[in-house]
Amino acid sequence: MKKIELLLLLVSTLSLSSFSQTKKTIQGKVIYRFSHIKDTTRPDIVYREDMMLFFSTEESKYESYSIHVSDSINEANMAKTGRIIAGKGTREQIFYNYLKGEQYSIIPWLGDTLLIKNIIEKINWQISDSTKSIGGYNCQKAEASFRGHQYIAWFCPDIAVPSGPWKLQGLPGLILEAYDVKQTIGFSFASFTNIKGANYIVMPANTKKVSSIEFAQMKESLLRNPSGYISSVINGADAASGSGASSSFQLKGPENRAKTAKKINNPLEPEQ
Amino acid sequence: MLVCKNFPNLNLLFMKKLILAASFMAITFAVSAKKPVSDKKNVTKPVSKTSVVPAKSINCGTATNGVWSDCWSADVTVTVCCDCEGAVASMLASMSAKNTANKLVSVIEFLNDALPCD
């Protein structure tokens, strides 16, 4: 009798392990070299930033690798000098859950973590037969118009994840490279890493929901009166915390700065 | 011989004794209930000498932190006053200044990008 019980236990364990193997999850990290000519009248000035995409079979997170590195350096600087050197890069993180069909932007803003729900636009990709190898993966070419630019993307059907750099998505494989036909915007492949075990795609817990219109208004208020806007937010936070702390700050901007916000003639996406 | 009508087996004399015993117990109980619970002699306890705790003075601490970028910078000064040691006030001010400076990073970066140096 005991032998039969042991046999049953062995069979159930084996069947469970084989089930978990068939439901294999893909996890990985891709680093892209992002380049952007923001002003087409000055094609010599190219904005560059390293970006990274964490992905799994269900979701992805796209964020700046440069900011990730500069934040680590800043922590050490802060302890030594008491000063933070502001990074040059994108603070926005894009979380995309392809199973739920939801995409969010997470933006730090004066102590708050803003959560903006993005509208997922269906991109009408035209997939062609052209192929090329990127990072040892066989990739296929696709072309589509998205947010004012005509993009060429190279996706990898072997990595069956409908994600990619920035908001480019919806292909039957991970996008490893993309650029606009005018070569003013580019996401070129830098590296691919398989990840096992750890989950890097975790949405922050305490967020403040705002619409993209509200966020545009917040940015406008800051640009109109930087000192006034920051001091109202900081002093409001002091009063709300009831810690007995009183903060004052001195903001210094360039004396010869532009009076109005710099308008770029080739934005990544049109202002909403 | 006297017998109770309802309980013919009970002797009436026995019943009288029972009633007397019950009333005695009730009276004893009532008298004891009126007595004060505690004796004054037991209440007084020896009081040990205690030192008077001096009132803590308010101390303040100030700390400064800064955020720097190519074109924009911000210096944050935080003062914390508390009913605590001076070193504690300074530590709290330092933590608060660091926290506020961290909050400013994203907007300094934004300003640097949107309103750059010419």
Side-chain angles (χ1 to χ4, degrees), chain A residues 38 47 64 67 70-71 74-75 77-79 81-92 107-114 218-220 222-224 226-227 229-231 233-235 237-238 241 243-264, chain B residues 49-118:
Chain A
K38 295 181 180 182
Y47 174 81
S64 168
I67 284 287
S70 73
D71 277 356
N74 258 333
E75 272 190 35
N77 266 348
M78 182 73 141
T81 62
R83 286 197 183 281
I84 303 170
I85 309 295
K88 284 179 188 172
T90 313
R91 287 272 163 197
E92 180 184 12
I107 301 161
W109 190 259
L110 281 169
D112 283 324
T113 306
L114 306 181
M218 288 158 89
K219 288 193 284 190
E220 211 178 287
L222 174 69
L223 291 172
R224 212 180 301 127
S227 280
Y229 181 82
I230 295 170
S231 91
V233 176
I234 296 292
N235 293 335
D238 278 350
S241 73
S243 61
S246 62
S247 311
S248 65
F249 78 97
Q250 202 183 2
L251 186 71
K252 286 177 200 156
E255 282 173 15
N256 56 342
R257 73 170 189 256
K259 293 279 180 257
T260 52
K262 186 178 62 173
K263 290 276 179 199
I264 54 172
Chain B
K49 277 188 178 179
T50 53
S51 58
V52 179
V53 179
K56 281 181 191 170
S57 56
I58 300 288
N59 281 302
C60 294
T62 301
T64 302
N65 267 112
V67 186
W68 286 75
S69 71
D70 288 351
C71 302
W72 289 82
S73 68
D75 281 318
V76 181
T77 305
V78 176
T79 304
V80 173
C81 294
C82 58
D83 193 357
C84 57
E85 297 285 330
V88 175
S90 295
M91 191 190 71
L92 290 173
S94 170
M95 283 165 65
S96 184
K98 187 180 168 185
N99 189 32
T100 308
N102 269 322
K103 284 179 184 175
L104 292 177
V105 174
S106 57
V107 288
I108 292 293
E109 284 171 358
F110 173 76
L111 286 171
N112 200 48
D113 191 45
L115 297 173
C117 324
D118 273 343

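Only a predicted model underlies this, so the values are computations on that prediction, with no experimental measurement involved. Worth knowing before you read on, the calculation uses all heavy atoms, side chains too, and leaves out hydrogens, waters and symmetry mates. Letters go in sequence order (proteins before strands), and every chain restarts at 1.
- Between R91(A) and D113(B), no side-chain nitrogen of the basic residue sits less than 4.0 Å from a carboxylate oxygen of the acidic one, so the salt-bridge criterion is not met.
- Interface remark: N99(B) contributes no atoms to any contact with chain A (heavy atom separation under 4.5 Å).
- The nearest pair of heavy atoms linking W109(A) to S106(B) is CA-OG, 3.9 Å.
- Applying the 6.0 Å contact sphere to NZ of K219(A) captures more than 12 heavy atoms from other residues, nucleotides or ligands.
- Only the side chain of I67(A) comes within contact range of chain B, with heavy atoms under 4.5 Å apart.
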**Message:** If you apply the rule side chain to side chain contact (heavy atoms under 4.5 Å, CB included), what do you find for L111(B) with L223(A), and how did you get there?
**Reply:** CA-CA 7 Å; L111(B) 286 171; L223(A) 291 172; 4.1 Å; yes

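- For the pair W72(B) and K252(A), the minimum side-chain heavy-atom distance is 4.5 Å or more.
- Taken from CD1 in I85(A) to CD in E109(B), the straight-line distance is 11.5 Å, to the nearest 0.5 Å.
- Counting heavy atoms from C-beta on, the side chains of I84(A) and W68(B) never come closer than 4.5 Å.
- The most heavy-atom pairs under 4.5 Å with chain A, out of C82(B), A74(B), S94(B), S73(B), come from S73(B).
- T77(B) places none of its side-chain heavy atoms less than 4.5 Å from the side chain of Q250(A).
- Residues I108(B) and L251(A) form a side-chain contact, since some pair of their non-hydrogen atoms from C-beta on lies under 4.5 Å apart.
- Between L110(A) atom CG and F110(B) atom CZ the span is 11.0 Å, to the nearest 0.5 Å.
- Partner S247(A) forms a side-chain contact (heavy atoms from CB on, under 4.5 Å) with one of V80(B), T79(B), V78(B) and no other, that one being V78(B).
- Contact annotation: the side chain of F249(A) never approaches that of D75(B) to less than 4.5 Å [non-hydrogen atoms, C-beta and beyond].
- Note on T64(B), V67(B), T62(B), L92(B): by heavy-atom pairs under 4.5 Å with chain A, the leading option is V67(B).
- When all heavy atoms of K103(B) and G111(A) are compared, the pair lying nearest together is CG-CA, 3.5 Å.
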